[in-house]
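Chain letters run A, B, ... following the sequence lines, proteins first, then strands; residues in each count from 1. We use all heavy atoms of the structure for the numbers below, so side chains are in, but hydrogens, waters and symmetry mates are not.
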Amino acid sequence: MSSEDNTLTWWVNPDGVETQKVLAEQCSEGKPYDIDVQQLPTDATQQRVQLARRLAADDSTIDLMNIDPPFMSELANAGYLAEVPDELAEAATGSDVLQGAADTVTWKDKIYGIPQWANTQLLWYRKSLAEKAGLDMSKPVTWDQVIDAAADNGGTVGVQANKYEAYAIWINQLVEGAGGHIVSDVEKGVDLSIDIDSQAGRDAAAVIQKLAGSKAAQPDLTNSNEGTSLGLMYAGAGEFMTNWTFVYANYNGLVGEGEGMISKQDFADLGWARYPQTVEGEESRPPIGGIDIGVGAFSEHKDWAFEVAECVTSPESQTALAVTDGLMPARASVYDNADLKDAYPADLLALFRESIDTGAARPKTPYWSTISGAIQNVWHPPTSVQPDKTPKESASYIRDVLDGKALL
Amino acid sequence: MSTATMTKGASNPPPEGSDRTRAENRLGRKLVAPAVIVMLVVTAYPMLQALYLSLFRYQLTTPDDKAFVGLTNYWTALTDSLFWRDTWNTVLIMVVTVGIELVIGFVFAMVMHRVIFARGVIRTSILIPYGIVTVVSGFTWQFAFSYNNGFLNTWLPFVADDYNWFGGHWSSLFAICISEIWKTTPFMSLLLLAGLAQVPEDMLEAAKVDGATWWQRLWKVILPNMRAAIMVAVLFRALDAYRIFDNIFVMTKGQNNTESASFLTYRQVIEQFQLGAGSALSVLLFLSVLLIAYLLVKLFRVDLAQARQES
């Protein structure tokens, strides 16, 4: 162990791992410590399981970790995260940090992480399909319009409706977009108020029901994820798809000739717009994702770890992740960076920034995983969703599960 | 088995004889003591710990909320429709896969037993699936059934090319069962082959001389002589099938109501960190495995000791 005494272990999620390794090297240059980068599982739920199980056992080898925002409150509440020192508060929640991202790192008025990158979803679409459908994409569009436009013109609508966390995100954004919440009064802990059985919940269910029963549904709707909908953008008439920011960098990397590549014309046909509205006229609430860097409560090198956390979340580090991997900055000032402006069209950057700033995060409660699981159980498969039944059923089920009266 | 051994040991008369015999016995006990302690630590301790934990409301990430709740967790589980749905799924998968494996496994065993040419190659190729890690075979079948990069839809004339096997409950269960059957039929046929080898050749010869048809020889000579082997194969596979987890985890992650009882337990303990409710479920899982073993042994009157002696 003694030879490893000056080694910090940094658990990263599998996004932009190569860039993270470069950042680790840069941030440890000339320092008394080395950084060992370890990779977490692909799936968000599995990442949470891996971290929580190790931290529950007081694992001192978790010095730094990449945390998916919805799990921040659970880990902080359990006492697994070291509180961010006051001198780093500016980097975590200062005025330069986009509101959506800054909101994710606090728990009970204390700061437990520093946002490294922020994520959000846009409505990606094929311009030719929208044009054929006569949809004016310069104005906000609703889910209804998008589904009808795709169905009437041989296209599809790509969503994430597999039974996993991203499906709960979709439901959360639909409910928030209709002016409601899944839960509120989260400070009451397990006694929080469950609001999904509301008009907003029924509006959300109506969108899912409509897509599931529409010709615009993709054949694998019930197990679709971020990856499965990607390929359908250029197949047939094309699609509308809600998906994360990485789509642009992903397609850009595929431009070329040969099998699996897409042509320049096809790429030029890729359009983007703000996340669709649940209810016409009511501003949509795009999801907030990304990564916060946390320091383990049991780390033996907390000072070093915070030094590294500051370094890997610096504006330079955020620029590198955005340019190389399409992982968007959590700081407003980085959006003005020249390298970023070279890599992305100006209107896309503005849309990303606006979306992160005005989006709606998932409810901040240590019970989010339980709530999310309970929602997935009742709302999956999407073909079974009924507006007058599903929100009501899920509300009582969430209560039962939280009270230990039902299994999940 | 262990209960039987213990009862047998207890009913033995106390050791009699010289001081020397008693001393030797004491020494014997001292010598095996470390092994007994290790056994207790590795087997009994986790089970007792699970029993203890199952009496609490205890989530790993909210340790302050821990409270003694008695048998509430068991009551919650046993009155929960999710528990019964998953148990029913498990029983269904067990009955279907073991039934089909028994028939196919027997055919394979016959082939392996009777084959004259390329014996080694045929036996090896039949056994290959069993050598593959379950997770790997799960992924293989998942890809095969996939509607966008799988080959099964194009091979099967009565299935649309974009048919999504993992989109519905029954089709997902079908895919899981196929993967399970493909993976473990070789194990079944291996056990049955051992049984076939025990059927006395002279008995078969005698039946032939008496003019029995192939069918009559199968029903009157081969199967009765293999009874113990068949029952052992069914028992082993049934218990194995009841614990099904990996195939479901890989192929559907439990969606479309394809969860098994062990998947439910996994989710409570590992994903939800509900140590109390999860422990209760694992105790119930353990009890149901015991129950199945008991029922099969009673129902088919398998004499395990006899079967073991014969093989």
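In this structure, the portion of B:L82 lying under 4.5 Å from any heavy atom of chain A is its side chain and not its backbone. For a residue to count as touching a neighbouring chain, one of its non-hydrogen atoms must lie under 4.5 Å from one of that chain's; by this rule B:Y147 touches chain A with the side chain only. Interface residue B:R267: only side-chain heavy atoms are found under 4.5 Å from chain A. In this structure, chain B has a heavy atom under 4.5 Å from the side chain of A:Y80, while its backbone stays farther away. Looking at A:N377, only its side chain comes within 4.5 Å of chain B, counting heavy atoms on both sides. Interface residue A:Y397: only side-chain heavy atoms are found under 4.5 Å from chain B. The contact between B:F273 and chain A is made entirely by side chain atoms (from C-beta outward), counting heavy-atom distances below 4.5 Å. With a 4.5 angstrom heavy-atom cutoff, A:Q376 does not touch chain B via any of its atoms.
Heavy-atom contacts from other residues, nucleotides or ligands closer than 6.0 Å to CE of B:M39 number 12 or fewer. The neighbour count for B:K66 NZ, taken as heavy atoms of other residues, nucleotides or ligands under 6.0 Å away, is above 12. With a 6.0 Å radius and a threshold of 12 heavy atoms from other residues, nucleotides or ligands, B:Y52 has its OH atom at or below the threshold. Annotation for B:Y294: atom OH does not count as buried by contact number, only 12 or fewer foreign heavy atoms lying within 6.0 Å.
A 4.5 Å side-chain heavy-atom check between A:T45 and B:E271 finds at least one atom pair inside the cut-off. A:L407 has its side chain out of reach of B:D86: every pair of non-hydrogen atoms, C-beta onward, lies at least 4.5 Å apart. Put simply, the side chain of A:T370 reaches to within 4.5 Å of the side chain of B:Q59, judged on heavy atoms.
At a cut-off of 3.5 Å, with distance as the only test, no side-chain donor of B:N256 or A:N223 sits close to an acceptor on the other residue.
In this structure, OG1 in A:T222 is found 13.5 Å from NE2 in B:H169, a value given to the nearest 0.5 Å. The distance from atom CG of B:N257 to atom NZ of A:K163, rounded to the nearest 0.5 Å, is 6.5 Å.
Interface remark: of the candidates A:L75, A:D220, A:N77, A:D220 forms the most heavy-atom pairs closer than 4.5 Å to chain B.
Put simply, the side chain of A:R53 never gets that close to the backbone of B:I270: no donor and acceptor are under 3.5 Å apart.
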